[in-house]
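Below: one structure, written as structure tokens.
Throughout, a chain's letter reflects where its sequence line sits, starting with A, and its residues are numbered from 1.
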Protein chains: 2
Amino acid sequence: MAKTAQNPVKSAETTFEVLDALKDLDGAGVTELAQHLDIPKSTVHNYLSTLEQEEYVVNRDGVYEVGLRFLELGAYARHREKLFEIAKPEVDRLAEETGELANILVEEHGRGSYLYRARGDKAVQVKAHVGTRVPLHTTALGKAILAHMSTERVDAIVDRHGLGGEASNSISNRAELEQALADVRERGVAFDDEERLEGLRCVAAPVLNHDDEIIGAISVSGPTNRFRGDRFREELPQKVLEVANVIELNVTYS
Amino acid sequence: MAKTAQNPVKSAETTFEVLDALKDLDGAGVTELAQHLDIPKSTVHNYLSTLEQEEYVVNRDGVYEVGLRFLELGAYARHREKLFEIAKPEVDRLAEETGELANILVEEHGRGSYLYRARGDKAVQVKAHVGTRVPLHTTALGKAILAHMSTERVDAIVDRHGLGGEASNSISNRAELEQALADVRERGVAFDDEERLEGLRCVAAPVLNHDDEIIGAISVSGPTNRFRGDRFREELPQKVLEVANVIELNVTYS
DNA sequence: CGCTCTGTCCCAGATGTTTGAACAACTGTT
DNA sequence: AACAGTTGTTCAAACATCTGGGACAGAGCG
């Protein structure tokens, strides 16, 4: 699965290294970037000026920054996902009715990408924004997705990305993961009990197409003090499942 | 302004040509892309496999598609714009209160990029999504922005992109543009009377920072049959201006 | 089964990329 | 006002890399 290109175009790799660095540094000058990447500054300058010419990067008085043209590509990529178009209004409703933060996640390259995030009136402030990529096994959303993949696919993903945990409660070996996924299949929903972010709980449900293939997952997340007891174990799971079912119906007839 | 790189990295250019083609074709195979770009398919294959390895492109049973990693970069680029963070809730409110489509636009590389778009309950369906780039002189939003730029900057933009109109009512020479911009400055708001899209009208207001520099514009747009008479000339302009003023206040104190 | 599509691989030649060094343009300090 | 220490930018030679034709395997189809 983790294919490595036989004949990679190194300049293309470098191009994205430059862009990634620009993102990590939150904008930077030529010299700073060159030091960060350990590449001669004339080389960095060549890339930056090319990227600027192509309008993928913008130079704001001496500081190069990631340009909005990526928003064009990104919005397009999201628009192309059937799930987004169909699930968005339902997830908006989910956020409104629960007052919490509601999410849509899909798998790509073995990781989870947040497609959308709707805020209810009491929604927690989470730093991660749309587009953020997370390891699948560390979130309820990801577990909901993994639970409905073939064993081979799960194996491939674990082989590629490992099971490195971000917090204490995390899953750390394959047996634990399998147990967790069995739980998810049995209950129909996945839980996240402060596994990725402290104080944050989450309830997620998978979204399957008419061929029972997993196409993504939706969730609500919120603070532990509001996510407890019956609300956490009964009320919210039921709600999330109901919304997931509506989405599945709409996916089938479209 | 239209700087051309002295020592451009051609492979970087090609990389984005490939991505652009992938977008235009809405996903494609190696051969199809090669024909479209008039490049040998082995070369295209090198780029695609590199892009896939870097996770910027995804291969769904034989068809390469633009990947969600661009959503990561795009969402980041948008998040970096102060205007987006501040204006979003206000524009949401604008959409809700008017029931129409409300927008945020900023200038980049002499063109307009839609940062955000909020839908009221009666909002028209417009194909353009977030990230779409438009010539500034063809929209109310763009005119609101141009009206508050220095003459030199306007000249530079016109030199670079011309005044090619997309529809009949469009501005087609520099004198007409200057007249239109003077109008905008006088009234405080800009109008679009089916200039870009038939049957669609638009009211836009500029957003300035504390130094009176233009940082973007907001608008409401809707069908001609709802945008007429007092509502089009008085009510909506006042509303949009009010929201723009609130945003300006928040921009200043942040 | 054979035909025609794919996508993938390989390697030599041509081309583009890399690189340090030199330069110009700023910034802030003395 | 001159200076030292920045920065971004340019250039051309050396060489690493990309290009591109051709060959190959596999899928799909009649």
Side-chain angles (χ1 to χ4, degrees), chain A residues 1-67 109 152 156, chain B residues 1-67 109 152 156:
Chain A
M1 266 294 166
K3 302 170 193 168
T4 48
Q6 247 55 35
N7 202 0
V9 181
K10 214 171 183 183
S11 302
E13 293 176 3
T14 311
T15 303
F16 288 107
E17 273 173 36
V18 169
L19 285 166
D20 253 28
L22 221 44
K23 173 165 165 274
D24 289 345
L25 296 174
D26 206 37
V30 175
T31 309
E32 191 183 354
L33 259 183
Q35 282 167 356
H36 184 84
L37 292 168
D38 199 32
I39 288 177
K41 62 177 183 170
S42 51
T43 303
V44 172
H45 181 259
N46 288 342
Y47 279 91
L48 285 175
S49 56
T50 305
L51 284 167
E52 188 188 11
Q53 183 186 13
E54 300 296 312
E55 306 189 355
Y56 282 98
V57 147
V58 62
N59 186 339
R60 289 185 183 166
D61 35 57
V63 177
Y64 286 93
E65 296 181 355
V66 176
H109 291 291
E152 301 84 60
Chain B
M1 266 293 163
K3 301 171 194 168
T4 48
Q6 245 56 33
N7 201 1
V9 181
K10 216 170 185 180
S11 301
E13 293 176 3
T14 310
T15 304
F16 287 108
E17 274 173 35
V18 169
L19 285 165
D20 253 29
L22 222 43
K23 172 164 164 275
D24 288 346
L25 297 174
D26 206 37
V30 176
T31 309
E32 191 183 355
L33 259 184
Q35 283 168 355
H36 184 84
L37 292 167
D38 200 31
I39 287 177
K41 62 176 184 171
S42 53
T43 303
V44 172
H45 180 259
N46 289 343
Y47 279 91
L48 286 175
S49 55
T50 306
L51 283 168
E52 189 187 12
Q53 183 188 8
E54 300 297 312
E55 307 189 354
Y56 282 98
V57 146
V58 62
N59 186 340
R60 289 187 184 164
D61 36 57
V63 177
Y64 287 93
E65 296 182 354
V66 176
H109 291 290
E152 302 85 60

Looking at DNA chain D, which of residues 7-14 of chain A put a heavy atom within less than 4.0 Å of it? A/N7, A/P8, A/V9, A/K10, A/S11
Rounded off to whole Å, could you give me the CG-to-P distance for the B/D61 and D/dG28 pair? 11 Å
Under 4.0 angstrom between A/Y64 side-chain N/O and D/dT9 OP1 or OP2: yes
Between A/T15 and B/A12 the two heavy atoms that sit nearest each other are OG1-CB, 3.6 Å
Is there a side-chain contact (heavy atoms from CB on, under 4.5 Å) between A/I39 and A/L33 once you walk through the steps? CA-CA 8 Å; A/I39 288 177; A/L33 259 183; over 6 Å; no
List the atom of B/E65, the atom of B/L22, and the distance in Å for their closest heavy-atom pair. C-CD2, 4.1 Å
Side-chain donor or acceptor of A/H109 paired with backbone N/O of B/V57 under 3.5 Å: yes
Whole-Å distance between D/dT17 P and A/Q6 CD? 17 Å
Check the pair A/E13 / B/Q53 against side-chain contact (heavy atoms from CB on, under 4.5 Å), numbers first and verdict last. CA-CA 9 Å; A/E13 293 176 3; B/Q53 183 188 8; 3.8 Å; yes
On a heavy-atom basis, which atom in A/S11 and which in B/S11 lie closest, and how many Å separate them? CB-CB, 3.4 Å
Before you tell me yes or no, could you show the steps for B/Y64 and B/V58 under side-chain contact (heavy atoms from CB on, under 4.5 Å), namely the whole-Å CA-CA distance, both residues' side-chain angles and the distance that decides it to 0.1 Å? CA-CA 6 Å; B/Y64 287 93; B/V58 62; over 6 Å; no
Whether the side chain of A/T50 engages the backbone of B/V9 through a donor-acceptor N/O pair (distance < 3.5 Å, no angle test) should be reported. yes
Considering non-hydrogen atoms only, spot the tightest contact between B/P8 and B/A5 and give its length. CD-O, 3.5 Å
Parallel under 30°, tilted from 30 to 60°, perpendicular over 60°: which one fits the rings of A/Y56 and B/F16? parallel
Contacting residues from residues 39-47 of chain B, given that a heavy atom lies under 4.0 angstrom of DNA chain C: B/K41, B/S42, B/H45
Using atom CG of B/L37 as one end and atom P of D/dG20 as the other, report the distance to the nearest whole Å. 12 Å
Looking at every non-hydrogen atom in both residues, tell me the closest pair between B/K41 and B/T31 and how far apart they are. CD-OG1, 4.2 Å
Rounded interatomic separation in angstrom, taking CG from B/L48 and P from D/dC18: 15 Å
Between P on C/dT8 and CG on B/L51, what's the gap in Å once rounded to a whole number? 13 Å
Can you pull out the residues from residues 17-33 of chain A that lie within a 4.0 Å heavy-atom distance of DNA chain C? none
